Amino acid sequence: MNRLLQSFGLALVDLFRPRMLAYVLLPVLGFLLLLGVASWLWWDEAHGSLLQWLSGVGWYAALQASLTQRMPLSWLGELLAAVLAVGLVMLVLSLAMLVLVVLASALLAPVVAGDVARRRFPALARRGEATWVRSVRWSLGSLGKALLMLLVSLPFWVIPGVHMLAPPLIWGWLNSRVMSFDALAEFASPDELQQLLRAQRKSLLGMGVV
């Protein structure tokens with residue numbers, strides 16, 4: 001835990017260097033801008049479409065009719081549509097984030113790792129076999145596993161809170177896997193890399209989620 005906190009502190013210091021801020025924040029800000037524009041353009045349309053679809057679902061119409069006989073629940077359809085719309089947004093956001101993590105890993109992680117190594121660890125040996133093809137293969141394999149985990153988790157999203165908890169955990173797992181590989185691949189031999197990923201699995205997952 002102490003080493004994890006120490007690493008976090010060093011990373012936090014590095015993060016506020018202008019060059020590192022540009023590396024890290026520009027892609028994220030660009031992604032958030034695109035997400036905001038997409039939400040602004042299509043939220044009302046998506047919400048209306050879901051509300052219209054709900055009105056044609058047999059079980060929902062029967063439930064609404066049964067409940068309306070007991071108390072006025074005209075807001076029920078809008079509430080369910082809003083919940084479904086939020087779930088849909090989380091699903092789209094999850095897919096976009098998974099792709100963003102892979103792109104950031106392929107484009108930024110080696111640059112950031114090289115910059116940190118030059119400043120903090122100039123004597124660090126470069127024993128790795130880092131190649132772009134190897135990195136892409138690793139990232140795509142990890143992305144496939146993350147998408148499978150996302151798919152398996154979908155039925156559990158009906159449980160309140162799961163749709164807010166599962167995606168960040170899956171993003172964090174993918175983040176730790178691809179970022180760790182691209183940060184270490186240039187410096188660690190293949191055997192050392194596998195040993196590090198196994199030995200530091202919990203710490204890397206914690207950093208990935210954060």
Side-chain angles (χ1 to χ4, degrees), residues 1-36 93-147 149-150 164-210:
M1 179 61 70
N2 289 337
R3 293 178 64 185
L4 181 60
L5 292 175
Q6 183 182 14
S7 298
F8 181 77
L10 291 173
L12 198 61
V13 171
D14 281 338
L15 181 61
F16 288 98
R17 294 176 56 246
R19 180 184 297 180
M20 200 67 71
L21 275 175
Y23 288 156
V24 174
L25 292 183
L26 287 180
V28 175
L29 291 176
F31 170 75
L32 292 177
L33 178 62
L34 288 175
L35 182 65
L93 177 63
S94 297
L95 294 173
M97 281 294 293
L98 294 180
V99 174
L100 179 66
V101 166
V102 171
L103 290 176
S105 174
L107 299 176
L108 294 178
V111 178
V112 172
D115 186 74
V116 172
R118 282 191 299 272
R119 288 185 302 101
R120 293 195 180 276
F121 311 101
L124 185 63
R126 297 174 185 261
R127 299 176 178 172
E129 300 174 2
T131 65
W132 187 80
V133 173
R134 188 177 173 219
S135 175
V136 169
R137 188 186 303 123
W138 179 274
S139 296
L140 290 180
S142 302
L143 177 61
K145 293 177 181 178
L147 291 174
M149 287 190 286
L150 185 66
M164 300 297 292
L165 181 63
L169 290 176
I170 296 173
W171 302 340
W173 176 85
L174 180 64
N175 201 15
S176 68
R177 187 169 170 84
V178 297
M179 293 290 185
S180 300
F181 179 87
D182 284 323
L184 297 171
E186 185 177 350
F187 304 96
S189 68
D191 289 340
E192 289 174 331
L193 180 60
Q194 293 298 330
Q195 291 173 11
L196 282 169
L197 293 179
R198 283 196 300 268
Q200 303 298 329
R201 183 171 58 248
K202 292 182 180 179
S203 296
L204 292 172
L205 178 60
M207 287 191 287
V209 172
V210 171

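No experiment lies behind these values; they were computed from the predicted model shown.
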If you compare all heavy atoms of [X] against all heavy atoms of [Y], which two are closest, and at what distance to 0.1 Å?
| X | Y | result |
| --- | --- | --- |
| Phe187 | Glu192 | O-OE1, 4.4 Å |
| Ala188 | Leu193 | CB-N, 3.9 Å |
| Arg17 | Asp115 | NH1-OD2, 3.0 Å |
| Val116 | Asp14 | CG2-OD2, 4.0 Å |

Problem - The single option from Val210, Leu205, Val209 passing side chain to side chain contact (heavy atoms under 4.5 Å, CB included) against Ser176 - result: Leu205
To the closest 0.5 Å, what do you measure between [atom1] ([X]) and [atom2] ([Y])?
| X | Y | atom1 | atom2 | answer |
| --- | --- | --- | --- | --- |
| Leu5 | Leu12 | CG | CG | 11.5 Å |
| Leu204 | Phe181 | CG | CZ | 13.5 Å |
| Asn175 | Leu169 | CG | CG | 12.5 Å |
| Trp173 | Leu150 | CH2 | CG | 12.0 Å |
| Leu184 | Glu186 | CG | CD | 10.5 Å |
| Met207 | Met179 | CE | CE | 12.0 Å |

Handout entry: More than 12 heavy atoms from other groups under 6.0 Å of CZ on Arg127
Key =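 Check fails, neighbour count at 12 or below.
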Practice task
Using the salt bridge (Lys or Arg N to Asp or Glu O under 4.0 Å) rule, collect all pairs that involve residues 194-210, keeping only residues at least two apart or in two chains.
Solution key: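 Not a single pair qualifies under salt bridge (Lys or Arg N to Asp or Glu O under 4.0 Å).
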Exercise for the section: Could I get the full list of side chain to side chain contact (heavy atoms under 4.5 Å, CB included) partners for Asp182, not counting sequence neighbours? Expected result: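 Ser105, Ala109, Pro110, Ser135, Ser139.
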